[in-house]
Amino acid sequence: MSTKVWPLWEVFIRSKQGLSHKHVGSLHAPDAEMAVSNARDLYTRRSEGVSIWVVESSQVFANDPADSDPLFEPSQTKIYRHPTFYEVPEGIEHM
Amino acid sequence: MNSIYKYILRIADDSLILGQRLSELCGHGPAIEEDIALTNIALDLIGQATSLYEYAAIVGGEGKTADDLAFLRFEREYTNVLLVEQPNGDFGMTIARQWFFDSFRVLFYEALLTSTDQQLAAIAAKSLKETKYHWKHSSEWLIRLGDGTDESHARVQKSLNYLHRYTEELFFMDEVDADVIAQGIGVDLLALKPIYDQKIEEVLLQATLELPTNNWKQVGGRVGKHSEHLGHILSELQYMQRAYPNMEW
């Protein structure tokens with residue numbers, strides 16, 4: 001077996017019409033075409049999806065975990081951003 | 001024994017034996033992604049074989065079940081082509097074998113869609129979708145191996161050279177075929193050959209590979225004369241039914 005490793009790809013599957021693609025996992029593949037093929041075999045074998053996106057993992061730019069506090073902490077005290085301060089009229093269900 | 005029964009068994013045996021060969025790779029694929037891809041294909045093929053054996057059991061009218069046909073016949077009673085019983089070899093060999101077979105099978109099922117036998121036409125319709133994916137998978141790999149590194153090119157070319165001699169048998173026809181073709185049930189393989197040649201050539205061109213000029217052809221599987229490999233395949237395939245007769249999953 002070769003010691004060279006194929007690049008890593010992130011896989012996004014759309015489960016059915018009308019819903020957006022969701023990240024489902026990752027896999028190795030030599031190129032984009034084979035990544036879609038592998039994604040089909042790995043992530044849709046139980047009819048999980050109708051559309052596949054793949055993106056090379058190295059293309060994903062993520063935030064620095066060390067910056068978590070300045071990024072996410074401030075929103076925790078701003079509860080007024082949640083739409084929970086409205087009186088729901090009587091008789092309205094499923095709000 | 002009637003021709004349609006023999007005809008169905010030929011198609012079923014091709015699927016079963018290739019499915020069994022591929023299933024040997026379960027847990028041994030070159031990468032986990034490819035391992036799952038190959039075993040998915042193995043399962044598709046065994047599923048196709050199941051539908052066909054179930055139908056053959058009805059057509060045969062001897063009171064045999066699909067399991068009897070799959071697990072309890074003798075070597076000489078299997079009528080798969082020699083190509084599908086050839087060993088997996090390296091990954092290039094597995095892909096080359098699959099690609100030859102898939103290229104044929106896509107065309108075969110397309111032609112079988114118009115069979116006057118409703119059941120066979122239905123099995124063809126379901127199997128064709130699966131087989132088109134198998135062909136896409138094996139073609140893409142053949143192109144990448146052929147047009148890949150010097151090593152992968154040399155190895156997959158060697159596999160093509162070896163397996164080419166078994167491909168003529170995909171188009172083997174005898175009185176069984178003549179009979180089912182006359183009834184509008186079977187496929188005239190002679191008409192498929194030029195389309196197959198073209199289909200093969202298109203992929204080979206992209207893969208920078210070529211077929212060997214040596215035209216020695218080996219046939220025999222369709223009439224039960226097999227290579228030494230089939231006996232070994234059957235000893236594994238039939239073990240459970242032979243050791244525990246009538247066992248069910």
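Chain naming here is simple, since letters A, B, ... match the order of the sequence lines and numbering starts at 1 in each.
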| query | Is the closest side-chain heavy-atom distance between A:D41 and B:E33 below 4.5 Å? | reply | no
| said: A quick test of your reading: do over 12 heavy atoms of other residues, nucleotides or ligands sit less than 6.0 Å from NZ of B:K193? | reply: yes
| query | Side chain, backbone, both or neither: which part of B:L38 has a non-hydrogen atom closer than 4.5 Å to chain A? | reply | neither
| task | Enter the distance from B:N40:CG to A:R40:CZ here, rounded to the nearest 0.5 Å. | result | 6.5 Å
| query | Take atom NZ in A:K16; do more than 12 heavy atoms of anything else shown fall under 6.0 Å from it? | reply | no
| task | Using heavy atoms and a sub-4.5 Å threshold, report which of residues 122-141 of chain B line up against chain A, by residue number. | result | B:Y133, B:K136, B:H137, B:E140, B:W141
| request: Check side chain to side chain contact (heavy atoms under 4.5 Å, CB included) between A:D64 and all other residues, then give those that pass, not counting sequence neighbours. | output: A:A66, A:D67
| Which residue pairs pass the salt bridge (charged side-chain N to carboxylate O under 4.0 Å, His left out) test when at least one of the two sits in residues 20-31 of chain A, sequence neighbours left out? | A:D31-B:R144
| said: Evaluate B:I32 against A:H28 for side-chain contact (heavy atoms from CB on, under 4.5 Å), listing each step before the verdict. | reply: CA-CA 9 Å; B:I32 186 154; A:H28 289 95; over 6 Å; no
| A:F85 CZ: over 12 foreign heavy atoms closer than 6.0 Å | yes
| message | Quick test of your reading: applying salt bridge (charged side-chain N to carboxylate O under 4.0 Å, His left out), list the pairs with at least one residue in residues 102-115 of chain B, sequence neighbours left out, ordered by first then second residue. | response | none
| query | Would the number of heavy atoms belonging to other residues, nucleotides or ligands and lying under 6.0 Å from CD of B:Q198 be above 12? | reply | no
| Is the CH2 atom of A:W6 crowded by more than 12 outside heavy atoms at less than 6.0 Å? | yes
| task | Apply the test side-chain contact (heavy atoms from CB on, under 4.5 Å) to residues A:R45 and B:L43: give CA-CA distance (whole Å), side-chain angles for both, the deciding distance (0.1 Å), then the verdict. | result | CA-CA 11 Å; A:R45 58 202 302 267; B:L43 279 175; 4.3 Å; yes
